[in-house]
Amino acid sequence: NHPMGSAAAWDEVKFKVAANSGPFQIIYPNESLKLKVGDKLDVIWDVSNTDIAPVNCKYVDIFFSIDSDLDFDGPNMIPAAIQVPNDGFESVIVPNIESTRVRVVVKASDNIFFTVGKGLSRIDAPTEPTFFMDIKDPIRRLCLPENPDFEISTIGFLGLKDSIHFEAVAPTEVLASFANTRVLPGESNWMYLDLNNITKSGVYEILVKTFVPGVDTIERIVRVFVTT
């Protein structure tokens, strides 16, 4: 037990393999890209029967891995989309972090398998005035009559001073409103959901659209899993 000596650790894992499923793998991006904070990036992967029995992976999580780190609980695994349908395509927003060693990772939300993009990309700061928007905890599991609220953060780049506008597109059963219809870059906002018109359990998606006219638009999805 020398404090400077080497050590080993292990854990036993038991899992099943389905012969008709896989390989689950990223198709794009699989090459090196030069990205900027706030860019929209289409992520494409081969579902390869993982969405049907016996695997039944209905949702996946998409991350930006910094320095090829694969610790899903660590600070270098930046979530870009959580619990999105395992349908092989998702548009994500490049996070507000600068790095020269970035890979895209797609992982099963409720299983152990994942795939890593081969290309080592970089993320740089914007080169012209723009903004970035993010929503804290955009995926919620709720029991009625709970009515959730969501904190929205914004950042301005290169001296942007124009107001950021907010709009929401929601299902007919969901009433979405904002504390402010516009804020200045760097200010926070809140979105409130009224779920009192929901009569059955299900998944409800709200599109949050933020924009500065003539500058840029950033859209994000809020998804609530409701139990009546």
Visitor: What heavy-atom pair brings Thr127 and Leu158 nearest, and what distance separates the two atoms?
Guide: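 Closest approach of Thr127 to Leu158, heavy atoms only: C-CD1, 3.3 Å.
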
Visitor: When the ring planes of Phe225 and Tyr59 are compared, do they come out parallel, tilted or perpendicular, using 30° and 60° as the limits?
Guide: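 Rings of Phe225 and Tyr59: perpendicular, over 60°.
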
Visitor: For Glu128, does the CD atom have more than 12 heavy-atom neighbours from other residues, nucleotides or ligands under 6.0 Å away?
Guide: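 No, not enclosed.
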
Visitor: I need the minimum non-hydrogen distance between Ile93 and Phe64, along with the two atoms involved.
Guide: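 Result for this residue pair: O-CE1, 4.0 Å.
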
Visitor: Going only through I, L, V, M, F, W and Y residues with side-chain contacts under 4.5 Å, is there a path from Met191 to Val183?
Guide: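 Yes, Met191 and Val183 fall within the same hydrophobic cluster.
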
Visitor: Kindly give the heavy-atom pair with the smallest separation between Ser153 and Ser188, and that separation in Å.
Guide: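 What the structure gives for the nearest pair is CA-OG, 4.4 Å.
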
Visitor: Does Phe72 have Lys107 sitting over its ring (NZ/CZ under 6.0 Å from centre, angle to axis within 45°)?
Guide: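 Yes, Lys107 sits over the ring of Phe72.
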
Visitor: Would you confirm whether Ser21, through its side chain, and Thr50, through its main-chain N or O, come within 3.5 Å as a donor-acceptor pair?
Guide: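 Flag not set: sc Ser21 to bb Thr50 has no pair under 3.5 Å.
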
Visitor: Is there a chain of hydrophobic side chains (I, L, V, M, F, W, Y, each step under 4.5 Å between heavy atoms) that links Ile206 to Val203?
Guide: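 No, because Ile206 and Val203 fall into different hydrophobic clusters, even though each may have its own neighbours under 4.5 Å.
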
Visitor: Could you go through residues 97-104 and list every donor-acceptor pair under 3.5 Å that involves a side-chain atom there, pairing it with any protein atom two or more places apart or in another chain?
Guide:
unit_1 : atom_1 : unit_2 : atom_2 : d
Ser99  : OG     : Arg101 : N      : 3.1
Arg103 : NE     : Ser68  : OG     : 2.9
Arg103 : NH1    : Lys118 : O      : 2.6

Visitor: Donor-acceptor pair, distance only, cut-off 3.5 Å: does the side chain of Asp39 make one with the backbone of Lys36?
Guide: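 Checking the backbone N and O of Lys36 against the side chain of Asp39, a donor-acceptor pair under 3.5 Å is found.
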
Visitor: With sequence neighbours left out, which residue pairs that include part of residues 192-220 fulfil the salt bridge (Lys or Arg N to Asp or Glu O under 4.0 Å) condition?
Guide: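 Salt bridge (Lys or Arg N to Asp or Glu O under 4.0 Å) check on residues 192-220 returns Asp134-Arg220, Glu205-Arg223.
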
Visitor: Drop me the distance from Leu184's CG to Asn189's CG, to the nearest 0.5 angstrom.
Guide: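 Between Leu184 CG and Asn189 CG, I get 11.0 Å after rounding to 0.5 Å.
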
Visitor: Drop me the distance from Thr227's OG1 to Leu142's CG, to the nearest 0.5 angstrom.
Guide: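 Answer rounded to 0.5 Å: 8.5 Å.
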
Visitor: Hey, could you give me the CG/CD1 distance between Leu41 and Ile62, rounded to the nearest 0.5 Å?
Guide: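 One finds 9.0 Å between CG of Leu41 and CD1 of Ile62.
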
Visitor: Linking I/L/V/M/F/W/Y whenever any side-chain heavy atoms sit under 4.5 Å apart, do Phe131 and Ile135 land together?
Guide: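 Both belong to a single hydrophobic cluster.
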
Visitor: Check whether any side-chain N or O of Asp149 sits under 3.5 Å from a backbone N or O of Tyr192 as a donor-acceptor pair, and report yes or no.
Guide: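 No: the side chain of Asp149 does not pair with the backbone of Tyr192.
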
Visitor: For residues Ile221 and Pro138, report the shortest heavy-atom separation together with the two atoms involved.
Guide: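 Nearest heavy atoms, Ile221 then Pro138: O-CB, 3.8 Å.
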
Visitor: As an exercise, state the distance from CG of Asn180 to CH2 of Trp190, rounded to the nearest 0.5 Å.
Guide: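 Reported to 0.5 Å precision, the distance equals 12.5 Å.
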
Visitor: Cut-off 3.5 Å, side chains only: do Asp61 and Ser109 have a donor facing an acceptor?
Guide: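 Indeed, the side chains of Asp61 and Ser109 share at least one donor-acceptor pair under 3.5 Å.
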
Visitor: What distance do Ser65 atom OG and Ile78 atom CD1 have between them, rounded to the nearest 0.5 Å?
Guide: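 Here the rounded value is 9.0 Å.
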
Visitor: Will you find, in the side chains of Trp45 and Asn86, an N or O donor that is under 3.5 Å from an N or O acceptor?
Guide: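 Yes, because at least one side-chain N or O of Trp45 sits under 3.5 Å from a partner of the opposite role on Asn86.
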
Visitor: Rounded to the nearest 0.5 Å, what separates atom CE in Met133 from atom CD1 in Ile152?
Guide: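 Nearest 0.5 Å value for the CE-CD1 distance: 6.5 Å.
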
Visitor: Show the nearest heavy-atom pair for residues Asp51 and Val47, with the distance to one decimal.
Guide: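 Of all heavy-atom pairs spanning Asp51 and Val47, the closest is OD1-CG1, 3.4 Å.
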
Visitor: Are Tyr28 and Val105 connected, step by step, through hydrophobic side chains (Ile, Leu, Val, Met, Phe, Trp, Tyr) whose heavy atoms are closer than 4.5 Å?
Guide: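 In one cluster: no.
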
Visitor: Short question: side chain of Thr210, backbone of Phe166 - any donor-acceptor pair under 3.5 Å?
Guide: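 The answer is no, because no donor-acceptor pair under 3.5 Å joins these two groups.
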
Visitor: How close do Asp69 and Met77 get, counting heavy atoms only, and between which atoms?
Guide: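 What the structure gives for the nearest pair is O-CE, 3.0 Å.
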
Visitor: Given the ring of Phe150, does Arg140 sit roughly above its face, with NZ or CZ under 6.0 Å from the centre of the six-membered ring and within 45° of the axis?
Guide: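 Arg140 over Phe150 ring: yes.
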
Visitor: So Val55 and Phe113, side chain to side chain contact (heavy atoms under 4.5 Å, CB included) or not? Walk me through it.
Guide: CA-CA 11 Å; Val55 179; Phe113 61 88; 3.7 Å; yes

